[in-house]
Amino acid sequence: MEHTLTTQPHTGDRPRPAKNYLNAEKGIWSWMTTVDHKRIGVMYLVGVLSAFFVGGIFALIVRLTLLTPSHKLFGKVLITAQTYNRVFTLHGAIMVFLFIIPSVPAALGNFVMPLMLGAKDVAFPRLNLASFYLWVLGAVMAVCSMIFGAVDTGWTFYTPYSTTTDGAVTLMTMAVFVLGFSSIFTGINFVATVHKLRAPGIGWFDMPLFVWGIYSTAIIQVLATPVLGITLALLALERVFSIGIFDPKLGGDPVLFQHFFWFYSHPAVYIMILPGMAIISELIPTFSRKTMFGYRAVAYSSVSLALLSFIVWGHHLFVAGQSQLANVIFSALTFLVAIPSGVKMFNWLGTMYKGNISLETPMMYAISFLLLFAIGGLTGIFLGTLSTDVHLTDTYFVVAHFHYVMMGGTVIAFIGGLHYWWPKMTGRMYKEFWGQVGAVIVFIGFNMTFLTQFFLGSQGMPRRYYNYLDQYQPLHAFSTVGSWVLGLGLFLTAANLLASLRKPYDAPDNPWGGTTLEWQTSSPPITHNFEDQPVLEKAPYDYRPEPVAH
Amino acid sequence: MSTTSVDIHQPHGHPDDPHHQHHFATMEQQFDTSKIGMWLFLATEVLLFGGLFVGFGLMQARYPQEFVEAHEHLQRPLGALNTVVLLVSSFTMVMGVLSAQRNDKKKLVLFLILTIICAGIFLTVKYFEYSHKFEEHLLPPRWYHAQPGDTVKDPYTGQISHGYGTFFAFYFMMTGLHGFHILVGMILLAWIAVRAHRGEFSKEYYTPVDLIGLYWHLVDLIWIYLFPLYYLIK
Amino acid sequence: MSTDQIIQHEETDADHEPHSSGVYVKTLIALLILTAITVGASYIDFGAGNVVIALFIATIKATIVALFFMHLRYDKPVNAVIACAGFLFLGIFLMFCFIDFGSRDGLRPVNWNGKMPVETAAPAPAPGAAAPANK
Amino acid sequence: MLPPQGSAYAAEVDTVYMALFWLSVVLFLGIAVCAIGFAWRYRYKPGRVTPHQTHNTMLEIIWSVIPLLLCIGIFFWGLHGWMEAAVAPGEAMEVQIVAKKWIWQFEYPDGTRTVNELHVPVNKPVRFVMTSEDVIHDFFVPDMRTKQDIVPGRYTQEWFTPTVLGVHHVTCAEYCGKGHSDMQAKLSVDTDADYQKFMETGGTEWEDYKNNPAAWGKLQWERKGCSTCHSIDGTRIPGGGPSWKGIWGKMEEMNDGRKVLVDQDYVIESEDFPQAKIVKGFEPIMPTFQGLLRSHERQGIIAFIKSLGNDPNGGPPAPTVLSLPPKPQPGQQAQGGAQGQAK
Ligand code: HEA
Ligand code: HEA
Ligand code: CUA
Ligand SMILES: [Cu+2]
């Protein structure tokens, strides 16, 4: 395997500017008051990775608890059922609301998208900063709710359990409410940016596919998140004032809550995956050194996924007491989302075909993504099918499904993208070898952890279970061991990236031979992104050796 | 200006305008962008209120009789009065924007103040409506007191149906959220009125007036739906 | 594309927007008349038609506000698209929820005695008790 | 991979599952072979020029339409299996389930109630009409491939035809709090004869209790729901009835001033016509149990109440050995149940 860079940097010989966005201004205050999208992106990155870390620790505790059905470690029960419920709730809530939803758009998207558009900043820089501070506020509130009496509702907050249980549920819902507004602000900002701040010469179909993905995501953020806001506000009111909309004792309907929740949360899973897919659409052409196959099809599929995501939410309610007619309609619509997802899959493979493929760390993650997302997506089909979902819903099959798409899909893509843009963001190169080793360990550990859970679920092991029958023990134990391998891989990866920060600036401007605009500026970029207004000369992903005559 | 030679350091158009932000090429671009941003925000508002409308609709379908009877407790003339007040305030608002476009500072301030006054009337009327409801215990199910006109009994318990309270739960949430928007709007209007008085706006730059105008019209637009749904249903 | 647009707008921008208050006065009058009509209509009993009529008139009023007061008629189409998208997705939300609620089966056990086993809510001053799931 | 098939329609569910499984395997292998194969076959060589293939409309159509057709097929297949599971046959026996944190209560057509233990006859369709007293639960029987949320405030249903004798596992599949994972029940699929026996005796434990009526009565106190209103330790349950402690043989004062001796007849009357005499200081809220109690269950309850009494000699003697009621005529019991509940 190659350990040196396989592509000659295009512009690496350009003299490095003395001032870049990182060192132009100094001091913590200059960071806290910055409106530079790159700095905000970096702050978001630090934030979401910390959330990932905390959520991951909770995940390891979950797995450790499930190691044996007696829950005894060193002869003692360390985790009681009550604690377990709180731990998986926090795991889910942190991973979803604090980590994965802002991860790609607000961290990487914030940094990269304006660069790709040749813009100097996002449309509303102050709104961008406000979004970050709302995220911080939400995170603080979530942490407080953890300290003052924990939450044990599951990340879905189903009523009437969530309205009757004690603990800091109200605070937690308000935290998520605030995080929702953070997400809305990001969405508004990005839609406006894509519409109005493209550099001269960049038409809609000259935008990199990453931008298409982020744009589609932003549409969902704008249109779906307000409903989450009102849902959680109603839940909080229900707890405080017993308004009786979701509470059957006061004439309300608990299934209504589920409609409200999933009207947001199903589109939200596409808030999670679309940016992941967007990253993959950058990585594959770059490391295959071949133009994107079916550019328009992939661009359209992002938008159509965003729109379709609004009409399938009822597939989470097949056994919830929704009417049978609604079940049939939602099942039928669910299958539609498989088509654009497949289109993306096949076009990525088409791009690799006859490419010139090198397996640097980002590309290893991209290939992991292809395999893992295929499994995650295909198992989604089992769940969308009415007769099989009745058996599989609320079992570990679902748990495995969504970890394959969220962890195996989005998070893997996120880590791949992080490696890809790391030199641009920090100006440093990490150690390629350790990056690749990390990618392999993560892949193996991930499959050990979650492939087993498909079998557990098919056998009838329900989710959110503290106790389980002895017959499931071997698979649970295997899964737990897998989570350690996975954790090891992630720690290694994190260490590798962090270690690179100690080096002097050594990254070339364009280490991978990328064709999109962000590679035209220096690494790290200057405060206003480009010395001169960049002008798009050829479409992205054009790897033909001669520049085409214009 | 040719497409390829935009010099981003020398924005075209109004290089000296202090409101021009560095990352926009022109003031027009900046204005259009702000407008898109505002419309996106309004779309989120539509969906935020929308959740409540959906809940209201479903509960009305579940408790049709109760809702009709409960709405008799609302004072239709006050609702109609408030509708007129809000429509007029929308008119004064748009006149304010027009004055800004015409560089007419005095009228701008005047219309903004008129708008604020309308908002104040609206809230005052709402205050009287609310206090009436509190006195009569026209409240969410937990605190609702049966009224003389209530006929529907819960088929299981033989007591007054929860539907009455549900009606008022929605009534308070929706008009409350709406009233909150009015309140925020008043603050914003006061703020731009002060700025207008200081002469910060001109026909070159009146974005805040325009955007807050849009916000204000949306608040009006929501009331246009709330009024018939609550006060006029049969 | 963006810059091309900008250039165009420099020439055409704002030319369409009303420069006199006439349009706005007319709009206001139309809105007030429509308000009078809905209030009037609400005193006549059209059965289920009342809600439809009220909402229909409200929609006309909302459209007028959006087109004239909010300038959508003169504005760039993208803003109108955004506004419509908001209402469209709200419509989707409403529609599917109604499909579900409208087609529930209202199931009861054969020997049902008219009681739900849910604990009754604190009967406070208000009558509280089990929930009717369906009528 | 899947648990044993215990119901008539499990086979169809499994067929769809396995078909999806193999379809997924094929699609996954196709994707994996391409991804890994291309990465190997076209691995990096310096200077190699890649073709400039921008798109191929034909291919796009192919790989949209074929999955679409597959999906349509899967949808209808899944719909078919589900319809079968969704619509219970008219002749199905109806069992009512009341779920609460964290126990299962089953009520059979004749009023027999059991907790956490469910008996059904083999090869007969049985339909569950379910509701919850507190939060959402979910009645999940993996072997039957069936699952349905139990929502407070309304009824939901589920049905299956058990085909395999023996014990199957019932488990709660909707998160309901601390005891969620302990909310288990045993479903025992009996032969007709065993089921009949269960129905007559009202519980499989019957054999063990024959000679201990008071303990049997205590079991009924729990199962028939007396315990929700009547304590046995002398405390008064709010919104309930008098405690049973020490009432046997006592002269109880009624709300109209009469005094009544608490004896066998009075207890039976209280069970069947609770509104006839109302104990002073209580509301007439006790439901009638007419038709819901077998005679040996009544005997048990009487023995149990007596065992709580402070005057061991008061009142008439209670049974010391229980005898089974006469064999019920089919149909009569169910009718009795319905009558008993009618207001
Ligand atoms: C990133 C997040 C993400 C993504 C992308 C998806 C994608 C999909 N999901 Fe998933 N899902 C979740 C996150 C996600 N999901 C979460 C978090 C939950 C549970 C939440 C909870 O309850 O806590 C869940 C639960 C869930 C359920 C409810 C299960 C239940 O509780 O009963 C269902 C049911 O239909 C479902 C279906 C699907 C489908 C059909 C897709 C599709 O989009 C997948 C499409 C992709 C492919 C199909 C693969 C590629 C395509 C091809 C190779 C073409 C050929 C394919 C065919 C011919 C089929 N998901
Ligand atoms: C993005 C979403 C996300 C992610 C990434 C994960 C990651 C993991 N999850 Fe999570 N999970 C959820 C979302 C997610 N989960 C949700 C929504 C639920 C449902 C909750 C509910 O039921 O309410 C759930 C539930 C859930 C369960 C089921 C609990 C139950 O039903 O009883 C289990 C059990 O095994 C589990 C395990 C894991 C494991 C082992 C990981 C591992 O992949 C974690 C690995 C991570 C680490 C070990 C941390 C190491 C990180 C660093 C060192 C920093 C890294 C930095 C760089 C790489 C730069 N999760
Ligand atoms: Cu009951 Cu989970
Ligand atoms: Cu979904």
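By convention in this document, chain letters (A, B, ...) are assigned in the order of the sequence lines, proteins followed by strands, and residues within each chain are numbered from 1.
In this structure, chain A has a heavy atom under 4.5 Å from the side chain of B:I36, while its backbone stays farther away. Proximity to chain A (any heavy atom under 4.5 Å) is restricted, for B:L58, to the side chain, taken from C-beta onward. Residue A:F185: no heavy atom, backbone or side chain, is found under 4.5 Å from chain B. Interface remark: A:A119 contributes no atoms to any contact with chain B (heavy atom separation under 4.5 Å). If you measure heavy-atom distances from B:Q21 to chain A, the contacts under 4.5 Å come from the side chain alone. The contact between A:I184 and chain B is made entirely by side chain atoms (from C-beta outward), counting heavy-atom distances below 4.5 Å. Both the backbone and the side chain of A:D253 come within less than 4.5 Å of a heavy atom of chain B. With a 4.5 Å cut-off on non-hydrogen atoms, A:L256 touches chain B through its side chain but not through its backbone. Within the 4.5 angstrom heavy-atom criterion, no atom of B:F172 approaches chain A. Using a 4.5 Å cut-off between heavy atoms, B:T44 touches chain A through backbone and side chain atoms alike. Within the 4.5 angstrom heavy-atom criterion, only side-chain atoms of A:L234, from C-beta onward, approach chain B.
Ion pair A:D247/A:K249 not flagged as a salt bridge, since none of the NZ, NE, NH1 or NH2 atoms sits closer than 4.0 Å to an Asp/Glu carboxylate oxygen.
Taking A:A233, A:A123, A:A224, A:A192 one by one and counting their heavy-atom pairs under 4.5 Å with chain B, the maximum is reached by A:A123. Counting heavy-atom pairs under 4.5 Å between each of A:V122, A:L127, A:L237, A:T193 and chain B puts A:V122 at the top. Per-residue heavy-atom pair counts under 4.5 Å with chain B were compared for A:S242, A:G244, A:G187, and the maximum is reached by A:S242. Each of A:L228, A:I245, A:V227, A:T231 has some count of heavy-atom pairs under 4.5 Å with chain B, and the biggest count is that of A:I245.
For the pairing with B:H178, the ring-ring contact (aromatic ring centres under 6.0 Å, His included) check across B:F170, B:W223, B:F53 returns one residue only, B:W223.
B:S90 and B:W216 share no donor-acceptor pair across their side chains, judged by distance under 3.5 Å alone. Remark: the A:H37 side chain and the A:N529 side chain contain an N/O donor-acceptor pair separated by less than 3.5 Å. If you check the side chains of A:R39 and A:S30, you find a donor sitting under 3.5 Å from an acceptor.
Here the straight-line distance linking atom OG1 of B:T207 with atom OH of B:Y205 works out to 5.0 Å at 0.5 Å rounding.
Between A:W212 and A:F205, the gap from one ring centroid to the other is short of 6.0 Å. In summary, the aromatic rings of B:F31 and B:Y206 are positioned with their centroids under 6.0 Å apart. Taking the six-membered ring for Trp and the full ring otherwise, the centers of A:F261 and A:W313 sit at least 6.0 Å from each other.
The backbone N or O of A:I526 sits nowhere less than 3.5 Å from a side-chain atom of A:N20 that would complete a donor-acceptor pair.
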